Amino acid sequence: QVRLVESGGGLVQAGGSLNLSCTASGLTFTTYSMAWFRQAPGMERDFVARISASGLNIQYADSVKGRFTISRDNAKNTVYLQMTSLKPEDTAVYYCARDKRSSLWRTSLQASDYDYWGQGTQVTVSS
């Protein structure tokens, strides 16, 4: 059974920090790029960050650059998102996802490029 399970969300005050985790099972993890997306109510699912299979390539959305850090541990089939200096506009459900293709570093950043998704974890930042 394919599973991506996110954890670590919660309620935090503006300026605070949260650490999200996403653990994969039932699928190949180590040769695929992984990404975090987020979706606020009534909004599209937006790209947040991604990391290549090796961890050598990383990209962030401009809105989170300098505040969020993505990393992965292939031995644990887990990808992380460390979030600091959180703002109310970071409030959303955060999803991890696996790229559709192995060993590929895409030029696009669309949700449709990812095939397996977690159930999401809610992050709420109060002002």
Side-chain angles (χ1 to χ4, degrees):
Q1 181 183 4
V2 173
R3 296 187 71 193
L4 291 174
V5 179
E6 300 100 336
S7 62
L11 173 64
V12 64
Q13 288 188 330
S17 300
L18 283 172
N19 295 319
L20 306 185
S21 299
C22 169
T23 299
S25 60
L27 53 73
T28 302
F29 178 85
T30 59
T31 60
Y32 287 79
S33 294
M34 297 293 296
W36 288 94
F37 285 77
R38 66 187 181 187
Q39 188 167 21
M43 304 294 285
E44 303 246 325
R45 191 168 293 191
D46 291 331
F47 167 78
V48 174
R50 63 173 176 154
I51 185 167
S52 63
S54 65
L56 293 179
N57 292 312
I58 287 174
Q59 185 174 3
Y60 298 98
D62 288 342
S63 59
V64 307
K65 205 172 292 183
R67 300 187 297 122
F68 290 12
T69 302
I70 189 171
S71 61
R72 66 190 293 162
D73 185 338
N74 284 344
K76 296 181 179 180
N77 278 10
T78 300
V79 61
Y80 305 96
L81 187 68
Q82 181 181 9
M83 306 186 294
T84 64
S85 302
L86 283 161
K87 305 175 181 179
E89 51 264 43
D90 294 319
T91 295
V93 177
Y94 283 70
Y95 299 90
C96 66
R98 194 196 75 166
D99 197 298
K100 283 182 176 177
R101 291 184 58 186
S102 174
S103 303
L104 177 66
W105 187 246
R106 296 182 178 277
T107 56
S108 64
L109 300 169
Q110 300 188 33
S112 58
D113 292 327
Y114 295 82
D115 55 0
Y116 291 111
W117 293 81
Q119 82 288 350
T121 186
Q122 177 69 47
V123 171
T124 303
V125 184
S126 63
S127 57

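Worth saying up front: this structure is predicted, and the values here are computed from it rather than measured.
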Worksheet item: After noting the C-alpha distance and the side-chain angles of D113 and R106, does the key distance pass the salt bridge (charged side-chain N to carboxylate O under 4.0 Å, His left out) rule?
Response: CA-CA 9 Å; D113 292 327; R106 296 182 178 277; 3.7 Å; yes
Worksheet item: Do D46 and E44 pass the side-chain contact (heavy atoms from CB on, under 4.5 Å) test, and can you show the C-alpha distance, the side-chain angles, and the key distance before you say yes or no?
Response: CA-CA 6 Å; D46 291 331; E44 303 246 325; 4.1 Å; yes
Worksheet entry | Test side-chain contact (heavy atoms from CB on, under 4.5 Å) applied to L109 and Q59, step by step | CA-CA 10 Å; L109 300 169; Q59 185 174 3; 3.5 Å; yes
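No side-chain donor-acceptor contact under 3.5 Å links E89 and T91. Inspection of the T84 and S17 side chains reveals no N or O donor paired with an N or O acceptor under 3.5 Å.
In this structure, Y80 OH and I51 CD1 are separated by 11.0 Å, a value rounded to the nearest 0.5 Å. For the atom pair CG of D99 and CG of L104, the computed distance is 5.5 Å after rounding to the nearest 0.5 Å. Of the inter-residue distances, the one linking M34 atom CE with L81 atom CG reads 12.0 Å to the nearest 0.5 angstrom. Separation of atoms CG (N77) and OG (S25) is listed at 8.0 Å; rounding is to 0.5 Å.
Using a 4.5 Å heavy-atom threshold, the side chains of Q122 and Y94 count as separate. Between R45 and V93 the shortest side-chain heavy-atom distance does not fall below 4.5 Å. For the pair M83 and L20, the minimum side-chain heavy-atom distance is below 4.5 Å. Residues Y116 and R3 fail the side-chain proximity criterion, which asks for heavy atoms closer than 4.5 Å.
Although no hydrogens or angles enter the test, the distance criterion places a donor-acceptor pair under 3.5 Å between the side chain of Y60 and the main chain of I70. Remark: the backbone N or O of T31 is paired with a side-chain donor or acceptor of S102 at under 3.5 angstrom. The backbone N or O of C96 sits less than 3.5 Å from a side-chain atom of E6, completing a donor-acceptor pair. Of the possible polar contacts, none joining the T124 side chain to the L11 backbone as a donor-acceptor pair under 3.5 Å is found. No donor-acceptor pair under 3.5 Å is formed between the side chain of S112 and the backbone N or O of Q110. Using modelled atom types, one side-chain atom of T121 and one backbone atom of G9 make a donor-acceptor pair closer than 3.5 Å.
Among the candidates S52, S54, S103, the single residue satisfying the side-chain contact (heavy atoms from CB on, under 4.5 Å) test with S33 is S52. The salt bridge (Lys or Arg N to Asp or Glu O under 4.0 Å) with D115 is formed by just one residue from the set R98, R101, K100; it is R98.
Taking each heavy atom of T78 and K76 in turn, the nearest pair found is OG1-O, 2.8 Å. The shortest non-hydrogen separation linking S127 to A14 is CA-CB, 4.4 Å.
In this structure, Y114 has its ring center under 6.0 Å from that of F37. Checked against the 6.0 Å centroid threshold, W36 and F68 do not count as a close aromatic pair.
Both I58 and F29 belong to a single network of hydrophobic side chains, linked directly or stepwise wherever heavy atoms of I, L, V, M, F, W or Y lie under 4.5 Å apart. Hydrophobic clustering of Ile, Leu, Val, Met, Phe, Trp and Tyr side chains at less than 4.5 Å, counting indirect connections, unites V64 with L86.
Between D90 and K87, no side-chain nitrogen of the basic residue sits less than 4.0 Å from a carboxylate oxygen of the acidic one, so the salt-bridge criterion is not met.
Remark: R38 fails to qualify as a cation-pi partner of Y95 under the 6.0 Å distance and 45° angle criteria applied to the six-membered ring.
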